2 protein chains.
Amino acid sequence: MVSIKDVAQKANVSTATVSRVISKPEAVKEETSKKVLKAIQELNYQPNVLARQLRRLETKTILVIVPDITNTFFSKVLRGIESVAVSNGYKVILGDAGNDVEREEEYLNVLRQKQADGIVMLTARMETGVIEKFSVDYPLVLACEYIEGSTIPTVSIDNVSSARKATEYLIALGHEKIGTITGPLNVVLGKDRLKGYTQAMARHNLSVEPFLVQEGTFTFDSGYNMMMKFLALSNPPTAVFAANDEMAFGAVKAVKSRGLRVPEDVSVIGFDDIEFSAIFEPPLTTISQPTFEIGTKAMELLLKLMNEDEITRNQYILEDSLIERDSCTRNNA
Amino acid sequence: MVSIKDVAQKANVSTATVSRVISKPEAVKEETSKKVLKAIQELNYQPNVLARQLRRLETKTILVIVPDITNTFFSKVLRGIESVAVSNGYKVILGDAGNDVEREEEYLNVLRQKQADGIVMLTARMETGVIEKFSVDYPLVLACEYIEGSTIPTVSIDNVSSARKATEYLIALGHEKIGTITGPLNVVLGKDRLKGYTQAMARHNLSVEPFLVQEGTFTFDSGYNMMMKFLALSNPPTAVFAANDEMAFGAVKAVKSRGLRVPEDVSVIGFDDIEFSAIFEPPLTTISQPTFEIGTKAMELLLKLMNEDEITRNQYILEDSLIERDSCTRNNA
DNA sequence: GAAGTTATTGTAACCGATTACAATCAAAAA
DNA sequence: TTTTTGATTGTAATCGGTTACAATAACTTC
């Protein structure tokens, strides 16, 4: 292994000078610099980053935890994070929790052990106390998911109002019997999207009978199964709000499997606007989140946190938008 | 920051003893161990992993480079890699190249700078010489993609024979005028899948006229566009082999946009069997790669490489399988 | 009880960089 | 020419662990 000493020896200077050539070139004479650069070239020297990090007590690396890398929604947010990170000299490493809360928690050790300077979490399913406490000691930003009533810096959309918007869209189309397939109700996203649905129904004096609310798990299969439950009712809903696109796909599939059509027989609206929603048949009407912007904003916040800059605001709510495609239509019952 | 010294002081032992309690507990007396553990607890001590890594000159971390994290095919391989890695005490960090060859190459520096012990590359698009040279100095395994004629440890399927199989499936259904939408022909996967197609056609004495081969880019849009070209022919193919599923989706969409049906008017077969292929309409007939196994096998190979164990074989070819769904049917022209 | 073993702990060098501080050198000012 | 000043370079401490080796303690064996 060729180290800084070898370079110093070859160039006939001290290791301090070599170090300076690399990280503060203006402090060394042109001539010396050349000598050193030549030695570096000839030896094909690459500094050992660990040593630098140890000495500087910083890694210029941030960690992003995603609940499930398989979900393309998160990869887009990741792209946003990355773009800001690299342009500020930070490396991004990715921790995939594989939908396992424990693994999510384990990743926090990466910070505790000084292998990253900050963290962006696209999930917040572990115990609230743990995160809160952690964020006191380490730079942490939540994105997409969040914790109710917490002051941890957070970037997301307003899920309640987005869900309300989606539901009101169906109401505006004349639907009255509207079902919802929720996400898991032990995570905020699930809860808030249900809340938005309930609010919309209430505002328009539509009754939310218990059987109109089915709890899913954000998966295709759960969407399929819950829709099957709706269809088994003697008087099924004419429209359904699914709390994410995967479940919406499942719901549509279920409708079709019964020989019915979307949107003619049942309107379905989703949430997230993942890649596939436009390709799906029918193209899915859904709520689009500004994924890339969520990522960039989150990373900008994290940078401030790591620099110990003043943060004027902790919660950033970005604008979503409703993408009208072909999975919803007027109620003609 | 609480360091090993603080713990040593508090427990009234040397730092060496503390270190031993952590990494070689059997070498220290029960009583002392307890004292130290107590101090660790009380101070909430977490070892600085950088320091350990620097001293040991190993990171217990491997790097996985994916060409595009947005593609779910790769996330599945990643899961396989991960499962073997963590059960052997390795952390996995992910480098997303975002389809950019330069960034792919930059990630190699992570190894050169000693931030990871080994690397699995799910892409091999950079200059052959660079990879070859790199793999002499560092443990490297290729998975999915590969380099022709190279002896770098590689895990993949036999793309030529898989593509041949897919094409012969169409031939067996009575198709004679079969088109193919290839991947980019400057990457092996594109080339090999085309080769398989060509072989199949030749074996059955079917002529491959130039207009039957259209080069795509592995994207939905390119699949759509190339299919449009086919459909513009006075006598379009009755079946199409697309070199990956995304392009197959695009192709199907194009067929439908012309008011034609899949598979009745045109049969389409894909490659990869990504998540969405089963949901798509019609469910896509395609070649399924053993993604998880590719991942596990690759990681096992890498472990051997890092341990400098004997490697008996360098190329591992795993079995693919043809998944028959509903996008292909008998030629009834 | 002395000698020989083994178990346990401490001392200090080491991993490979960075950087405060000191030393040296060259150019400008007196 | 001497002094002052700023530019350039070197020396050595440091980051926080690990581990070879030495020292000491505890236990056997005769």
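For the numbers below, each heavy atom of this structure counts, side chains included, while hydrogens, waters and symmetry mates do not. We name chains A, B, ... by the order of the sequence lines, and we start the count at 1 in each one. Here the structure is a predicted model, which is why all the values come from computation and not from measurement.
- Closest-nucleotide positions on DNA chain D for B:Ser19 and A:Glu31 were compared, and the one nearer the 5' end corresponds to A:Glu31.
- In this structure, the CG atom of A:Leu50 is 18 Å from the P atom of D:dC15, given to the nearest Å.
- In this structure, of C:dG16, D:dG17, D:dT18, it is D:dT18 that holds the atom nearest to the side chain of B:Thr15.
- Residue contacts for A:Ser3: at a heavy-atom cut-off of 4.0 Å it reaches the sugar-phosphate backbone alone, with no base atom in range.
- Within 4.0 Å of A:Val18, counting heavy atoms only, lies no atom of the nucleic acid at all.
- The side chain of B:Ser14 contributes an N or O atom lying less than 4.0 Å from OP1 or OP2 of C:dG10.
- What separates CD of B:Glu58 from P of D:dG17 is a distance of 17 Å, to the nearest Å.
- Below the 3.5 angstrom threshold, one finds a donor paired with an acceptor across the side chain of A:Arg20 and the base of D:dG10.
- For the pair B:Leu57 CG and C:dC14 P, the interatomic distance rounds to 14 Å; values are reported in whole Å.
- When each of D:dT18, C:dT8, C:dT19 is scored by its nearest atom to the side-chain atoms of A:Ala16, the top-ranked nucleotide is C:dT19.
- Out of D:dT8, D:dT18, D:dG16, the shortest distance to the side chain of B:Ala51 is found at D:dG16.
- The phosphate of D:dT18 has OP1 or OP2 within less than 4.0 Å of a side-chain N or O from B:Arg52.
- The CG atom of A:Asn12 sits 12 Å away from the C1' atom of D:dT9 (whole-angstrom rounding).
- Counting heavy atoms of neighbouring residues, nucleotides and ligands inside a 6.0 Å radius, atom CD of B:Glu26 exceeds 12 of them.
- With hydrogens and angles ignored, the 3.5 Å screen pairs a side-chain donor or acceptor of A:Ser83 with a backbone N or O of A:Gly80.
- One interatomic measurement links the two molecules: CE of A:Met1 to C1' of C:dG16, which rounds to 11 Å at whole-angstrom precision.
- The side chain of B:Ile4 sits closest to D:dG17 out of D:dT11, C:dT8, D:dG17.
- Residue B:Thr17 places no side-chain N or O under 4.0 Å from the OP1 or OP2 atom of C:dT9.
- Side-chain N/O atoms of B:Glu132 and B:Ser150 include a donor and acceptor closer than 3.5 Å.
- Across the interface with DNA chain D, nearest-nucleotide mapping of B:Lys29 and B:Arg55 shows B:Arg55 to be the residue nearer the 5′ end.
- Summarising the geometry, atom CG belonging to A:Asn159 is positioned 4.5 Å from atom CD1 belonging to A:Ile157; distances are rounded to the nearest 0.5 Å.
- The nearest whole Å value for the distance from the CZ atom in A:Arg56 to the P atom in D:dG16 is 15 Å.
- For the residue pair B:Thr151/B:Asn314, the side-chain donor-acceptor check at 3.5 Å is not satisfied.
- Counting any heavy atom pair closer than 4.0 Å across all strands shown, B:Leu54 reaches a base atom.
- What separates CD of B:Gln53 from P of C:dC14 is a distance of 22 Å, to the nearest Å.
- By the 6.0 Å and 45° rule, B:Arg313 stacks over the aromatic ring of B:Tyr316.
- A straight line from CD of B:Glu30 to P of D:dA25 spans 22 Å, rounded to a whole angstrom.
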